[in-house]
Enquirer: 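Provided herewith is a single structure, encoded as structure tokens, for subsequent inquiry.
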Amino acid sequence: MCGGFAIFSSINDIIKYYNILNCEFNFNPNYNASPGQNILSIKSGISNILCKMNWGIESSNKKRKITNIRSETVAKNFNHLISQKRCIIPANGFYEWKNRKPYYIKSKKNEFLNLGGVFTEWNDGTGKIFYKTAILTTCSQKRLYEIHNRKPVVINYNDINLWLDSQKNINPNTLVDKFPEENLEFYRVSAQVNKYWNNFPGLNEKLTDIYETPDLF
DNA sequence: CCAGACGTTGTT
DNA sequence: GTCTGG
DNA sequence: CCAGACGTTGTT
DNA sequence: GTCTGG
């Protein structure tokens with residue numbers, strides 16, 4: 001699954017990489033992006049548009065918000081979203097937990113990870129639009145499976161525009177799960193990431209033996 | 001019949 | 001789509 | 001995802 | 001246990 005990630009590249013790097021025309025808001029590096037927070041997301045428009053979206057889609061039965069949706073069932077359960085409301089959540093890496101021990105998973109080449117998501121939008125009447133988003137998940141392969149059986153969908157760089165183009169009637173399953181796990185590396189990080197208010201450079205750094213004990217608190 | 005909802009994850 | 005509730 | 005809370009009553 | 005908040 002995906003219950004946390006990091007996005008700390010400069011806004012200029014993000015704009016350049018994702019071909020964003022302009023961005024009118026400030027963005028602080030986030031080493032501990034968690035459900036409920038506003039996160040960066042890209043949707044299609046005249047050009048690609050960078051938005052703030054709140055992580056978690058309201059569920060109709062008023063229980064927990066939906067932070068992840070299985071890519072295997074999204075077409076059945078959220079067809080209106082997967083067919084028209086696809087987005088990309090830029091990440092430098094994401095976290096997975098095994099027995100409440102966090103791991104950081106990133107590109108070996110430090111490429112952006114283009115997390116595949118869907119979103120909802122709501123106009124409050126004053127013209128301001130609020131977005132909510134959920135990250136799609138898929139099966140982990142052999143290596144990542146050792147940590148967790150689910151992982152976020154990562155869209156290949158070359159598929160980004162196709163993924164975002166709601167005019168294109170694509171089968172999303174042809175685009176998900178194409179990013180090879182061989183391009184990823186992962187390692188244990190400090191359990192400080194377990195508390196969402198911990199948010200600082202280094203949170204995603206490899207845990208060495210010296211720092212193993214601090215996990216106890 | 002129609003209207004409205006429609007998840008996920010984990011389990012030392 | 002497909003299921004549930006009314 | 002994890003951490004932390006976790007009820008009840010009445011009220012124009 | 002099960003829910004909420006971040």
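Computed from a predicted structure; not experimentally measured. Residue numbers begin at 1 in each chain, while the letters A, B, ... track the order of the sequences.
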Enquirer: Would A/Asn92 and A/Ser9 count as a side-chain hydrogen bond (donor to acceptor under 3.5 Å, both in side chains) if you check the C-alpha gap in whole Å, the side-chain angles of each, and the deciding distance to 0.1 Å?
Expert: CA-CA 7 Å; A/Asn92 295 105; A/Ser9 287; 2.9 Å; yes

Enquirer: Quick one: is A/Thr73 getting a side-chain N or O under 4.0 Å of the B/dT8 phosphate, OP1 or OP2?
Expert: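 Yes, within the criterion.
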
Enquirer: Are the charged groups of A/Lys132 and A/Glu121 less than 4.0 angstrom apart, N to O?
Expert: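 Answer for the salt bridge query: no.
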
Enquirer: NZ of A/Lys76 versus P of C/dT4: gap in Å, rounded?
Expert: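 After rounding, the gap between these two atoms is 10 Å.
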
Enquirer: Is A/Val153 reachable from A/Phe78 through a run of I, L, V, M, F, W or Y residues, each pair having side-chain heavy atoms under 4.5 Å apart?
Expert: yes

Enquirer: Does A/Asn32 make a side-chain N or O approach to OP1 or OP2 of E/dG6 shorter than 4.0 Å?
Expert: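 Checking E/dG6 against A/Asn32, no side-chain N or O comes under 4.0 Å of OP1 or OP2.
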
Enquirer: I'd like to check the side-chain hydrogen bond (donor to acceptor under 3.5 Å, both in side chains) partners of A/Asn110; sequence neighbours left out, ordered by chain and number.
Expert: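 side-chain hydrogen bond (donor to acceptor under 3.5 Å, both in side chains) list for A/Asn110, sorted by chain: A/Lys106.
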
Enquirer: Of all the choices, B/dG7, D/dG4, B/dT9, which nucleotide is nearest to the side chain of A/Ile66 once you look at every atom?
Expert: B/dG7

Enquirer: Determine the interatomic distance between P on D/dC2 and the same-named atom on B/dT9; round to the nearest Å.
Expert: 13 Å

Enquirer: Between D/dC1 and B/dG10, how far apart are the C1' atoms? Round to whole Å, please.
Expert: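 Rounded to whole Å, the distance is 11 Å.
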
Enquirer: May I have the distance from A/Phe78 (atom CZ) to C/dC3 (atom P), rounded to whole angstrom?
Expert: 16 Å

Enquirer: Could you check whether A/Trp163 and A/Tyr157 have their ring centres less than 6.0 Å apart?
Expert: no

Enquirer: If a stem is a run of at least 3 consecutive Watson-Crick or G-U pairs, both distances under 3.5 Å, which stems include DNA chain D?
Expert: D:1-6 with E:1-6

Enquirer: A/Trp97 side chain: which of D/dA3, B/dG7, D/dC1 is closest?
Expert: D/dC1

Enquirer: Go through B/dG7, B/dT9, D/dA3 for me and flag the one nearest to the A/Arg70 side chain.
Expert: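 Minimum distance to the A/Arg70 side chain belongs to B/dT9.
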
Enquirer: Do you reckon A/Leu81 sits in the same ILVMFWY cluster as A/Ile49, going by side-chain contacts under 4.5 Å, direct or chained?
Expert: no

Enquirer: What is the distance, rounded to the nearest whole Å, between atom CZ of A/Phe94 and atom P of B/dT9?
Expert: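 Rounded to the whole Å, the gap is 13 Å.
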
Enquirer: Measure from the side-chain heavy atoms of A/Pro35 and tell me the nearest of D/dC1, D/dC2, B/dG7.
Expert: D/dC1

Enquirer: Is the phosphate of E/dG5, meaning OP1 or OP2, less than 4.0 Å from a side-chain N or O of A/Ser34?
Expert: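 It does not, given that no N or O in the side chain of A/Ser34 lies less than 4.0 Å from OP1 or OP2 of E/dG5.
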
Enquirer: Atom CD of A/Gln37 to atom C1' of D/dC2: distance rounded to whole Å?
Expert: 12 Å

Enquirer: Other than A/Tyr145, what residues sit in its cluster of Ile, Leu, Val, Met, Phe, Trp and Tyr side chains whose heavy atoms are under 4.5 Å apart, directly or through others?
Expert: none

Enquirer: With rounding to the closest Å, how many angstrom separate the P atoms on D/dG7 and E/dG5?
Expert: 12 Å

Enquirer: Is there a side-chain contact between A/Asn79 and the phosphate of C/dG1, meaning an N or O under 4.0 Å from OP1 or OP2?
Expert: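 No, no such contact exists.
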
Enquirer: Which is more 5' along DNA chain B, the nucleotide nearest A/Asn68 or the one nearest A/Asn99? Just name the residue.
Expert: A/Asn68

Enquirer: In this structure, how many angstroms lie between the C1' atom of B/dT9 and the CD1 atom of A/Ile135, rounded?
Expert: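 One finds 14 Å between C1' of B/dT9 and CD1 of A/Ile135, rounded.
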
Enquirer: I need the CG-P distance between A/Asn198 and D/dA3, as an integer number of Å.
Expert: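 A/Asn198 atom CG is separated from D/dA3 atom P by 11 Å.
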
Enquirer: Nearest whole angstrom, please: distance from the P of D/dC1 to the CG of A/Asn199.
Expert: 20 Å

Enquirer: Can you check whether A/Tyr104 and A/Phe94 have ring centres sitting under 6.0 Å from each other?
Expert: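 No, the ring centres sit 6.0 Å or more apart.
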
Enquirer: To the nearest Å, give me how far apart NZ (A/Lys65) and P (E/dG6) are.
Expert: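 Atom NZ in A/Lys65 sits about 9 Å away from atom P in E/dG6.
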
Enquirer: Using the side-chain heavy atoms of A/Trp197, tell me which of these nucleotides is nearest: B/dG7, D/dA3, E/dG6.
Expert: D/dA3

Enquirer: Base, sugar-phosphate or nothing for A/Asn194? Non-hydrogen atoms, less than 4.0 Å.
Expert: sugar-phosphate

